[in-house]
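A short worksheet on the structure shown next.
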Number of protein chains: 2
Amino acid sequence: MVNFQSPILDRTFAALADPTRRALLARLDEQGGVSVSDLARPFPVSLPAIMKHLDVLSDAGLIARKKTGRTVTCQLKAEPMEQAMNWLAKYERYWTEQLDRLAAFVEDDSWQASPASPSSAASKRRPKKSTKPGPSRKR
Amino acid sequence: MVNFQSPILDRTFAALADPTRRALLARLDEQGGVSVSDLARPFPVSLPAIMKHLDVLSDAGLIARKKTGRTVTCQLKAEPMEQAMNWLAKYERYWTEQLDRLAAFVEDDSWQASPASPSSAASKRRPKKSTKPGPSRKR
DNA sequence: TTGAAAGTTAACCATAAAGTTAACTATGGA
DNA sequence: TCCATAGTTAACTTTATGGTTAACTTTCAA
């Protein structure tokens with residue numbers, strides 16, 4: 001039994017897995033306090049469909065709604081993304097480190113395609129845990 | 001019509017939304033080249049269930065499998081996470097920037113809970129797009 | 001050569017997700 | 001007061017997800 005439970009991550013990643021929801025968040029990023037109808041307008045789906053997406057985003061803590069009169073405006077709440085980002089950051093070295101060096105350890109044989117070099121030597125070593133975090137994200 | 005399509009992001013986030021799959025990836029991170037059975041052993045679900053999770057991870061390009069004899073070893077392929085991370089990074093300022101300053105613009109009134117600082121001043125300005133990416137992720 | 005081990009596939013089930021249409025509540029302005 | 005606007009809720013359909021058990025193929029080793 002492992003129990004790697006983290007409902008926050010579950011919900012955050014699940015919420016972000018839908019392109020419509022990501023687009024809704026992007027819209028709220030560039031323009032805060034948008035009404036539900038305005039938010040829904042660009043999409044080729046019905047208002048209730050958008051409502052459900054907003055519910056998912058609310059449940060994930062990614063937006064907050066405020067009712068003023070009869071209009072409801074939505075507000076981006078990006079904080080839950082931090083955990084998601086931190087989770088991903090643990091894997092950052094896989095694409096930031098020079099892949100040639102990394103490949104020497106990790107790919108001790110032909111992974112995926114190209115069935116060349118069946119070296120099989122020194123299979124127990126692992127790359128030495130990324131000496132520096134090296135945050136070289138390029139856009 | 002907006003069409004914010006990105007099947008890669010869709011599949012990556014969807015794959016990461018399940019705790020079992022995240023645990024599988026974590027395992028492959030700390031120990032490369034694990035067999036399917038070994039990978040499945042710690043979990044309280046059947047082997048076919050794990051197979052399906054591995055299929056999802058494969059489809060997302062997050063693992064590669066290699067068959068040697070009758071055993072299949074799995075290899076973490078974290079590269080698709082880079083796009084996910086980059087997507088999230090666009091929102092980083094929401095939790096890295098001093099929230100008090102941010103709050104002055106964004107929360108022009110009581111959003112969600114904590115109805116503190118109802119400054120309401122200068123409600124149209126928005127934080128000036130994060131002068132530097134400032135990758136001060138902690139953890 | 002025969003049988004256990006490793007993995008895969010198929011068929012099935014229950015629930016969740018994503019969408020629809022239709023009906024409803026509430027608000028604000030003419 | 002009346003009605004259009006803004007949003008919500010309900011009921012339903014379809015498809016995807018996550019799980020099961022059972023049967024099957026391939027490989028290794030006694």
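Convention: sequence-line order gives letters A, B, ...; per-chain numbering from 1.
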[X] [atom1] to [N] [atom2], straight-line distance once rounded to whole Å:
X	N	atom1	atom2	result
B/M51	D/dA23	CE	C1'	14 Å
B/R41	C/dA5	CZ	C1'	11 Å
A/F43	C/dG19	CZ	C1'	15 Å
A/D55	C/dA17	CG	C1'	12 Å
A/L47	D/dA10	CG	P	16 Å
A/K67	C/dT25	NZ	P	13 Å

- Item | B/K52 NZ to B/S46 OG distance, which is reported to the nearest 0.5 Å |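 If we round to the nearest 0.5 Å, B/K52:NZ and B/S46:OG are 8.5 Å apart.
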- Task: Indicate the atoms forming the closest heavy-atom contact of A/G61 with A/P80, along with that distance.
- Result: O-CG, 3.3 Å
- Reckon B/S46 has a side-chain N or O less than 4.0 Å from the OP1 or OP2 of D/dG19? no
- Query: Under 4.0 Å: is that the gap between some side-chain N or O of A/H53 and OP1 or OP2 of C/dA17?
  - Reply: no
- Is the backbone of B/A40 close enough, under 3.5 Å, to the side chain of B/R27 for a donor and an acceptor to pair up by distance?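 No, B/R27 side chain to B/A40 backbone: no donor-acceptor pair under 3.5 Å.
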- Choose from D/dT8, D/dG18, D/dT21 the nucleotide whose nearest atom is closest to any side-chain atom of B/D18. D/dG18
- Task: Please tell me which of the listed nucleotides, D/dG18, D/dC12, D/dT20, lies nearest to the side chain of B/P48?
- Result: D/dT20
- Task: Hey, which sits more toward the 5' end of DNA chain D by its nearest nucleotide, A/V36 or B/V45?
- Result: A/V36
- Quick one: label A/T71 by what it contacts on the DNA or RNA (base, sugar-phosphate, nothing), any heavy atom closer than 4.0 Å. sugar-phosphate
- Query: Has the side chain of A/R70 got a donor or acceptor atom sitting under 3.5 Å from an opposite partner on the base of D/dT5?
  - Reply: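 A donor-acceptor contact between them is present.
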- Item | B/V56-B/L39 co-clustered via ILVMFWY side chain contacts under 4.5 Å |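 B/V56 does not cluster with B/L39.
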